[in-house]
Amino acid sequence: TAIIRDVEEAVTAIDKAAYKDVWVYIEHADGQARNVGFELLGEGRKLADSMGQKLAGIIVGDKVEQLVKAVFANGADKVYLVEGKEFAKYTTDAYTAVFTDLITDYKPSVILMGATINGRDLGPRVACRVGTGLTADCTDLGIDEQTGLVAWTRPAFGGNIMATILCPEHRPQMGTVRPNVFKRPQPDFGRTGEVIRVSSTVKPEAVRTKVIEAVQVCTGSCNLEESEIIVSGGRGMGKPENFVLIEELAAVLGGAVGASRAVIDAGWKPHPHQVGQTGKTVGPKVYIACGISGAIQHVAGMSSSDTIIAINKDADAPIFKVADYGIVGDVMEVLPALTEEFKKA
Ligand code: FAD
């Protein structure tokens, strides 16, 4: 109890006023920035403006300076740039150490990270190292009017309620945010800002893992989060063999293949294809839902799509409530007809 009290006292003794600025982790793979970083710059800009603070992008990697321009174009005022061979591939040890050092030295007020595989690994570790909390997997962000703190919103109790969480006692206020819940801002390549180069203090012996090879298990048709068109199938496809109709339409449109959880649970498709609350959140230009009823947990993962087209033989299926265009019909007839038409286009 005494130790816990000591820790609590140490934590509450922090000078909150010393913590300034909103930071966004600019995640990238081999120098290619992921969209989620830009989406978070858009939201970060709003938070920073409401708080009267600056927005910074955090870029860590090897030879990644070319990303700086896009980070300014998407709204940042500053970039903290840490380069070194030890950051060429993401490793938990190296990235946790560098983020911990950056936070200790520069004291940001808010940190946003994508709820990606890397962000979900990095966020909680860094939060723990610097003695703060973390709201994981957020689907909305705002400012709490009463306190001026960031209001982090995320589904709770199996998606039955949306919980809004504040971080009153600790700094920085940290959270991971699902990709595709926010739209990427319109870039302005005339914008520029301050680049702060930070030397790495990570000792090679502190990095316990080495990435020998990166094997992409999810390419092309399951690259849902970055795809502009998604054709998704549900239990209404009848059997796994019929998914070829989904794949054909997706191939003709140059899109990715999604699926409902019913399909994943039945073993027709692997989990990387799942869209929804316990799968991926997607926001493509066009989402085509085929034989999907439109359960709330599915809709939670695709409702931010620009245009939703639903094909279902039941005219009362809930999916039609969120669809912009609906086709009442049998997927076995409608899908081949659509594929044929798009082949001609
Ligand atoms: P069904 O609900 O069975 O719908 C099939 C649809 O196909 C029906 O509307 C039917 O009219 C139509 N149909 C049938 N035959 C044809 C045909 N020949 N032509 C045209 N239409 C046809 N679900 C997700 O998808 N993603 C998630 O991430 C997710 N997470 C969940 C988390 C929790 C905690 C819980 C409790 C549930 C979750 N679910 C999720 C499950 C969700 O509640 C639904 O059970 C699921 O989405 C149903 O999948 P479906 O629409 O494919 O199947």
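Only this structure's heavy atoms are used, side chains among them; waters, hydrogens and symmetry mates stay out. Indexing begins at 1, ligand by ligand and atom by atom, following the structure's order.
Neither side chain, Thr307 nor Asp324, offers a donor N or O lying under 3.5 Å from an acceptor on the other. Residues Thr278 and Arg261 have side chains that bring a donor and an acceptor to within less than 3.5 angstrom of each other. Asp21 and Tyr106 form no side-chain donor-acceptor contact under 3.5 Å, judged by distance and modelled atom types alone.
Every protein residue with a heavy atom nearer than 4.0 Å to ligand 1 is included here: Gly158, Gly234, Arg235, Gly236, Ser260, Arg261, Ala262, Gln274, Val275, Gly276, Gln277, Thr278, Gly279, Gly291, Ile292, Ser293, Ala295, Gln297, His298, Asn312, Lys313, Asp314, Gly329, Asp330, Val331.
With sequence neighbours left out, the ring-ring contact (aromatic ring centres under 6.0 Å, His included) criterion links Tyr19 to no other residue.
Dense packing is recorded around CD1 of Ile196, with more than 12 heavy atoms of other residues, nucleotides or ligands lying under 6.0 Å away.
A salt bridge is defined here as a Lys NZ or Arg NE, NH1 or NH2 lying under 4.0 Å from an Asp or Glu carboxylate O, and Glu194 with Lys78 fails to meet this definition.
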